[in-house]
Amino acid sequence: KNEVEQSPQNLTAQEGEFITINCSYSVGISALHWLQQHPGGGIVSLFMLSSGKKKHGRLIATINIQEKHSSLHITASHPRDSAVYICAPPSGNTPLVFGKGTRLSVIA
Amino acid sequence: KAGVTQTPRYLIKTRGQQVTLSCSPISGHRSVSWYQQTPGQGLQFLFEYFSETQRNKGNFPGRFSGRQFSNSRSEMNVSTLELGDSALYLCASSDPGRGTEAFFGQGTRLTVV
C-alpha cells in the first residue's frame, strides 16, 4: 500500500514569498500528480511528472523517483495561490492515492 | 473544448435512498475515474472505467457502483445511502493512450440527511 505524506499541512505566507510543499511516498512509482483545489471544490491538475523538473508560470515541480520525493515550489506567491495542494502518485494516468493536502494561505 | 461535466452539482437525499451521479468526460478521453472527498478522509479513489470496463477499484463497499457507456460518459450509483456518504464526488477523465493528465470536473456535492 502506498502511503503519501505531505508537509506542511498548513502554510501561511506573505505575498511575494517563495513557497515549498513537500511530498513523500512509500512505494516506488513512475510518476506523480500535483493537484490544486480552490474553495468550492474544483480541482485542477497542475503537473504530472515522471522525472526531473517541470515549470508552469510561477509554479515549479520537481521529483526524485529514487528518493521517492517530490516538491512543489511557488515563486513570488500571490493571494490567488491560496488553495489546497495535493500530491497523488497515479497508476497510469489515474491518481489512486492522495496526500492529505497542504492548505496554503497567502496574505497580501 | 468542453471540460469534464458533472451533474447534478448539488444533491440532497435521505438515508436509505439511492443516487446516481453523471460524468461526461472531455471529448476523446476514454478513461473516467471517480473520487470521494470528505473532510475527515480527504480524497479517496472509488473506481476507474476505461472503454466500458472497470479497470481499477478502490476500497469502498459494494453499495458504490459505476458504469461507463460507449460514448465514455460514466455514472456512479450509491445505494442505501448512509449519512457518512455525504461528500463531494469528483470525476476525472484522461486519455491514457496519449499520456494526457487527468482533468477534473467541478464535482457533485451530495448531502445525506
Side-chain angles (χ1 to χ4, degrees), chain A residues 1-10 21 23-25 27 29-52 54-57 59 61 63 70 72 83-104, chain B residues 3-6 9-10 23 25-26 28-51 53-60 66 68 74 86-111:
Chain A
K1 181 181 176 183
N2 198 4
E3 302 290 340
V4 181
E5 294 288 335
Q6 278 187 243
S7 63
Q9 290 187 334
N10 294 283
I21 299 170
C23 175
S24 297
Y25 45 91
V27 175
I29 60 168
S30 59
L32 182 137
H33 280 276
W34 278 101
L35 309 173
Q36 178 193 56
Q37 186 172 31
H38 280 283
I43 288 182
V44 174
S45 177
L46 297 173
F47 298 101
M48 189 173 79
L49 68 165
S50 56
S51 66
K54 279 191 178 181
K55 185 175 188 294
H56 182 70
L59 302 176
I63 190 169
S70 178
L72 176 69
V84 176
Y85 292 85
I86 302 166
C87 71
S91 170
N93 295 74
T94 302
L96 292 185
V97 181
F98 297 86
K100 295 293 187 189
T102 294
R103 186 174 299 277
L104 171 66
Chain B
V4 178
T5 304
Q6 289 188 246
R9 289 292 308 279
Y10 302 92
C23 174
I26 290 172
H29 284 191
R30 293 172 292 161
S31 170
V32 175
S33 303
W34 288 91
Y35 307 88
Q36 182 197 63
Q37 186 177 39
T38 59
Q41 296 294 323
L43 267 168
Q44 293 183 284
F45 171 74
L46 280 157
F47 28 66
E48 181 208 4
Y49 286 87
F50 178 80
S51 294
T53 302
Q54 188 180 86
R55 191 160 69 168
N56 279 302
K57 190 176 188 302
N59 189 26
F60 277 80
Q68 185 179 34
S74 178
S86 296
L88 179 67
Y89 291 88
L90 292 151
C91 80
S93 77
S94 65
D95 187 354
R98 295 185 180 181
T100 59
E101 301 168 26
F103 293 83
F104 285 79
Q106 290 295 306
T108 294
R109 188 165 296 279
L110 171 66
T111 302

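Letters A, B, ... are given to chains in the order of the sequence lines, protein chains preceding strands, and every chain is numbered from 1.
- Atom OG in B:S94 sits 8.0 Å away from atom CE in A:M48 (nearest 0.5 Å).
- The 12-atom threshold is not exceeded at CG of B:N59, counting heavy atoms of other residues, nucleotides or ligands nearer than 6.0 Å.
- Within a 6.0 Å radius of CD in B:Q54, other residues, nucleotides and ligands contribute more than 12 heavy atoms.
- Scanning both residues, A:S45 and B:A102, for their nearest heavy atoms gives CB-O, 3.2 Å.
- No side-chain heavy atom of A:I43 sits under 4.5 Å from any side-chain heavy atom of B:Y35.
- Looking at B:L88, only its side chain comes within 4.5 Å of chain A, counting heavy atoms on both sides.
- Heavy atoms only, all atoms of each residue included: B:F104 and A:L35 are closest at CE1-CD2, 3.8 Å.
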